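Some notes on the structure that comes next.
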Amino acid sequence: MSAPTPSPRKTFGRLSLPERNFVAEALRTETVGGVLLLLAAVAALVWANSPALGDSYETVSHWHFGPSSLGLDLSVAHWAADGLLAIFFFVAGVELKRELVAGDLRDPKAAALPVVAALCGMVAPALVYAVTAGVGGGSLAGWAVPTATDIAFALAVLAVIGTSLPSALRAFLLTLAVVDDLFAILIIAVFFTDQLNFAALGGAVAGLALFWLLLHKRVRGWYLYVPLALVIWGLMYNSGIHATIAGVAMGLMLRCHREEGEEHSPGEHIEHLVRPLSAGFAVPMFALFSAGVAVSGGALGKVFTQPETLGVVLGLVVGKTLGIFGGTWLTSRFTRASLSDDLAWADVFAVASLAGIGFTVSLLIGELAFEGDAAMTGSVKAAVLTGSLLAAVLATVLLKIRNTRYRRLAEEEERDDDLSGVPDVYEQDDPDYHLRMAGILEKKAAEHRRLAKEKAAARDALAQLPGGAGDRHDGPA
């Protein structure tokens, strides 16, 4: 007798219940943060382009403060990009660690899809930029600008347009962004480090070793870790490596697997505490002091005429979409994975277009790529805003077309007829669920039988009354 053929894995199939709950909580925070990010970006544009306030935006952004003796006399915009974004990348590091040890990325087969999709979603926009800038005779320095996806901005778009995107697609978008952030971190560390201060770098490494040792010895107390984290960040900044790398490194060191008796791992607990600070304050403040670019007809026209800025726009809108969609299709084509029966490839294409929203990390890389060229930095920022807006519009149109289908799938995922607190789709193999449903249906059946008897008795009583229904003659007179 031949062995049964294993059934193919379903791409974008239903998540496990713990993973679904984690994703739902993470997405709620990121969605709120994304709305704040949108508001901050709009506020920056209004502030920078207001005739009465425009000068004050530049004044505040370039105002310096901090201990110069420690090499930290930085502008407000610099503190936002190097300081506050370290919190964002710390959360990204914790997310990546959790995905590697407890999430989808711990299974190589499940990890293949988001990893390949993220890689293709970074290579394709870089190639689109390189071709566009190369053909137009522009600088290739900005090749990395359109490679990053901004998950908070993307989720804010979903919240604004009100689409009921299935949880599997939302989880794919979140995991894709985590992998995307990892590669963006590597790009920043490898390609945007010019000179190294080995003494400062050695101090940062020693600080990270102490950080790891304290975690390994189960030492507790925020009053130890927070000052140590600040010292590590300061040393990393002075080493010449972008300071946000310190945040990632510390995030990756946290333990994200649960031990016996633990409801949450330390990584999950700390991420739960820090994520609102990252999404609700750090990232919006970075946006406030990075998105304030001059917007005019002439400036917008240059976005589509300069090879560098056109490359950024096409990289985000075209490169990201085709790269992620193509990577997903290739993974499904050459593995045993098959698309979920509830979805179509049009849904994958729509989510891929949503990933073309590159804001936070794209703005950061734009500043690093054209450092020293204020005019080009401003143009690239305008291109990032334009490309992200076009990607958002395209995704909105594509997702709205399928929104009725998404709403039905979302209702099925949330239905809890037995009132157990767990969606029914996760209880189909539980005998107790079916017993609870049997009891509920039996009660409903008994209630309907009682009502039927009452209505029948009332109808018979009415028929017996003089002039009632029984005395009526419906025939011809």
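Given the structure is predicted, the values throughout are model-derived calculations rather than measurements.
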Just by distance, do the side chain of [X] and the backbone of [Y] share a donor-acceptor pair under 3.5 Å?
X    : Y    : answer
S388 : G358 : yes
S353 : A350 : yes
T309 : K302 : yes
S265 : E268 : yes
H62  : V60  : no
T331 : G327 : yes
T244 : D82  : no

Kindly indicate, with the supporting measurements, whether the criterion side-chain contact (heavy atoms from CB on, under 4.5 Å) is fulfilled by L254 and I270. CA-CA 9 Å; L254 294 180; I270 293 174; 4.0 Å; yes
Beyond-backbone contact of [X] with [Y], side-chain heavy atoms, under 4.5 angstrom:
X    : Y    : answer
T386 : F304 : yes
T147 : F183 : no
V384 : S362 : yes
L72  : N238 : yes
M250 : Y225 : no
F88  : L85  : yes
M122 : D180 : yes
D150 : L37  : yes

side-chain contact (heavy atoms from CB on, under 4.5 Å) assessment of H257 paired with R98: CA-CA 7 Å; H257 64 272; R98 195 204 71 85; over 6 Å; no
What residues, two or more places apart in sequence or in another chain, satisfy side-chain hydrogen bond (donor to acceptor under 3.5 Å, both in side chains) together with S239? none
Approximate separation, where rounding is to 0.5 Å, of [X] [atom1] and [Y] [atom2]:
X    : Y    : atom1 : atom2 : value
L389 : L316 : CG    : CG    : 11.5 Å
T132 : L310 : OG1   : CG    : 5.5 Å
L45  : S50  : CG    : OG    : 12.0 Å
H269 : E271 : NE2   : CD    : 12.0 Å
E308 : M376 : CD    : CE    : 4.0 Å
W345 : T328 : CH2   : OG1   : 6.5 Å

Applying the side-chain contact (heavy atoms from CB on, under 4.5 Å) criterion to V303, which one of V312, V313, L385 satisfies it? V313
Distance flag, aromatic centroids of [Y] and [X], threshold under 6.0 Å:
X    : Y   : value
H242 : F89 : no
Y57  : W47 : yes
F289 : W79 : no

[X] to [Y] - nearest heavy-atom pair and separation:
X    : Y    : answer
F325 : A352 : N-CB, 3.9 Å
P307 : G137 : CG-C, 4.5 Å
Y129 : A141 : OH-N, 4.5 Å
I324 : A117 : CG1-O, 3.7 Å
L140 : A133 : CD2-CB, 4.1 Å
A41  : A287 : N-CB, 4.5 Å

Under the side-chain contact (heavy atoms from CB on, under 4.5 Å) rule, what do F192 and I241 come out as? Steps first, then yes or no, please. CA-CA 8 Å; F192 297 103; I241 296 177; over 6 Å; no
Pair K97, M253 - check side-chain contact (heavy atoms from CB on, under 4.5 Å), show working. CA-CA 8 Å; K97 180 68 173 291; M253 289 182 181; 5.8 Å; no
Could you tell me whether the side chains of K320 and T149 share a donor-acceptor contact shorter than 3.5 Å? yes
